[in-house]
Student: 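Here it is: the structure, laid out below.
This one's a predicted model, so the numbers in the text were calculated from it and none came from an experiment.
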Amino acid sequence: MKKNFFIKIFSIYLFLTSVGMSVQSNYFEKGIKLFQKKKFNESKILFERDLVFNPKNEKSYLYLAKIFDERDNDEELETNLKNVLLLDPQNDEAIYMLTLLKIQQSDYDQAKELINRFTLFCKSFCSKKNEIQEKFEKLIPENVKTDN
């Protein structure tokens, strides 16, 4: 009798766990659909929910960064990009976005370091290398330009 009871409890646990897993995975997918429709507030909530269940989902952090980029919230943008890079140090889209932010903030040293890193790891964003380099050239201090 106890054996049947434990089997029933275990079966219920497996069922509830599988239902919970399907809900968790839907947050990210629904968030992308809303993001594509430019419903940033709603998609932000879904990406944050996804991170509650899957804190290592670098894609949710990347989409949150894109949302904060749209809202011109540089602090949250940078935080989320750094989270992406903690989880995947070779994510070229995150490196690209962070490089643009550092150029915008006139952070010469960080921008230079990120450009070097971008060059090493670019996969899908390699076509953006010239754009970054041109923006960086405008940032280079005059004394550094003359030293080269």
Student: Answer yes or no: is there a donor N or O on one side and an acceptor on the other, between the side chain of Asp88 and the main chain of Val84, under 3.5 Å?
Tutor: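 Side chain of Asp88 to backbone of Val84, a donor-acceptor pair under 3.5 Å: no, none is there.
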Student: How long is the span from the CG atom in Leu81 to the OH atom in Tyr61, to the nearest 0.5 Å?
Tutor: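 Output value for this atom pair is 12.5 Å.
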Student: Do the charged groups of Lys138 and Glu134 touch, with an N to O distance under 4.0 Å?
Tutor: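 No, Lys138 and Glu134 are not salt-bridged.
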Student: Can you tell me how far apart CZ (Phe118) and CD (Gln133) are? Round to the nearest 0.5 Å.
Tutor: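 It is 11.0 Å, given to the nearest 0.5 Å.
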Student: Run the side-chain contact (heavy atoms from CB on, under 4.5 Å) check on Lys135 and Thr99 step by step: do they pass?
Tutor: CA-CA 10 Å; Lys135 290 182 179 187; Thr99 303; over 6 Å; no
Student: Do the side chains of Asn80 and Glu76 get nearer than 4.5 Å, heavy atoms only?
Tutor: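 Glu76 vs Asn80: side chains touch.
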Student: Identify the heavy atoms of Asn91 and Glu58 that sit nearest to each other, and give their distance.
Tutor: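 Scanning both residues completely, I find the closest heavy atoms to be ND2-OE2, 3.2 Å.
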Student: Which atoms form the tightest heavy-atom contact between Ser43 and Ile67, and what is the distance?
Tutor: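 Smallest heavy-atom distance, with atoms named: OG-CD1, 3.4 Å.
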Student: Let me confirm one number: the CG-NZ distance from Asn54 to Lys59, rounded to the nearest 0.5 Å.
Tutor: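 Reported to 0.5 Å precision, the distance equals 10.5 Å.
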Student: Any chance you could measure Asn83, atom CG, to Asn57, atom CG, to the nearest 0.5 Å?
Tutor: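 That separation rounds to 12.0 Å.
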Student: Let me confirm one number: the CD1-CD1 distance from Ile132 to Ile115, rounded to the nearest 0.5 Å.
Tutor: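 One finds 6.0 Å between CD1 of Ile132 and CD1 of Ile115.
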Student: Do Tyr27 and Glu48 pass the side-chain hydrogen bond (donor to acceptor under 3.5 Å, both in side chains) test, and can you show the C-alpha distance, the side-chain angles, and the key distance before you say yes or no?
Tutor: CA-CA 9 Å; Tyr27 289 135; Glu48 288 171 342; over 6 Å; no
Student: Give the table of side-chain donor-acceptor pairs shorter than 3.5 Å for residues 32-41, with sequence neighbours excluded, one pair per line with atom names and distance.
Tutor:
| residue | atom | partner | partner atom | Å |
| --- | --- | --- | --- | --- |
| Asn41 | OD1 | Arg71 | NH2 | 2.1 |

Student: Can you tell whether the side chains of Lys128 and Glu93 come within less than 4.0 Å, N to carboxylate O?
Tutor: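 Salt bridge: no.
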Student: Checking Arg117 now: which residues fulfil side-chain contact (heavy atoms from CB on, under 4.5 Å) with it, not counting sequence neighbours?
Tutor: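 Testing Arg117 for side-chain contact (heavy atoms from CB on, under 4.5 Å), a comparison that skips the adjacent residues, returns Leu85, Pro89, Ile95, Leu114, Phe121.
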Student: Taking all non-hydrogen atoms of both residues, which atom of Pro55 and which atom of Leu87 are closest, and how far apart?
Tutor: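 For Pro55 versus Leu87, the nearest heavy atoms are O-CD1, 4.1 Å.
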Student: Leu86, Leu120: one ILVMFWY side-chain cluster at the under-4.5 Å cut-off?
Tutor: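 Each belongs to a different hydrophobic cluster.
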Student: In Å, rounded to the nearest 0.5 Å, how long is the span from CZ of Arg49 to NZ of Lys44?
Tutor: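 Reported to 0.5 Å precision, the distance equals 11.0 Å.
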Student: I'd like to check Leu77 versus Leu101 (side-chain heavy atoms, cut-off strictly below 4.5 Å). Are they in contact?
Tutor: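 A side-chain contact exists here, since the closest heavy-atom pair is under 4.5 Å.
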Student: For residues Asp74 and Glu78, determine if any side-chain heavy atom of one lies less than 4.5 Å from a side-chain heavy atom of the other.
Tutor: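 Side-chain contact under 4.5 Å: no.
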Student: Do Leu62 and Met97 have side chains that approach each other closer than 4.5 Å (heavy atoms only, starting at C-beta)?
Tutor: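 When only atoms from C-beta onward are counted, Met97 and Leu62 do touch, with a gap below 4.5 Å.
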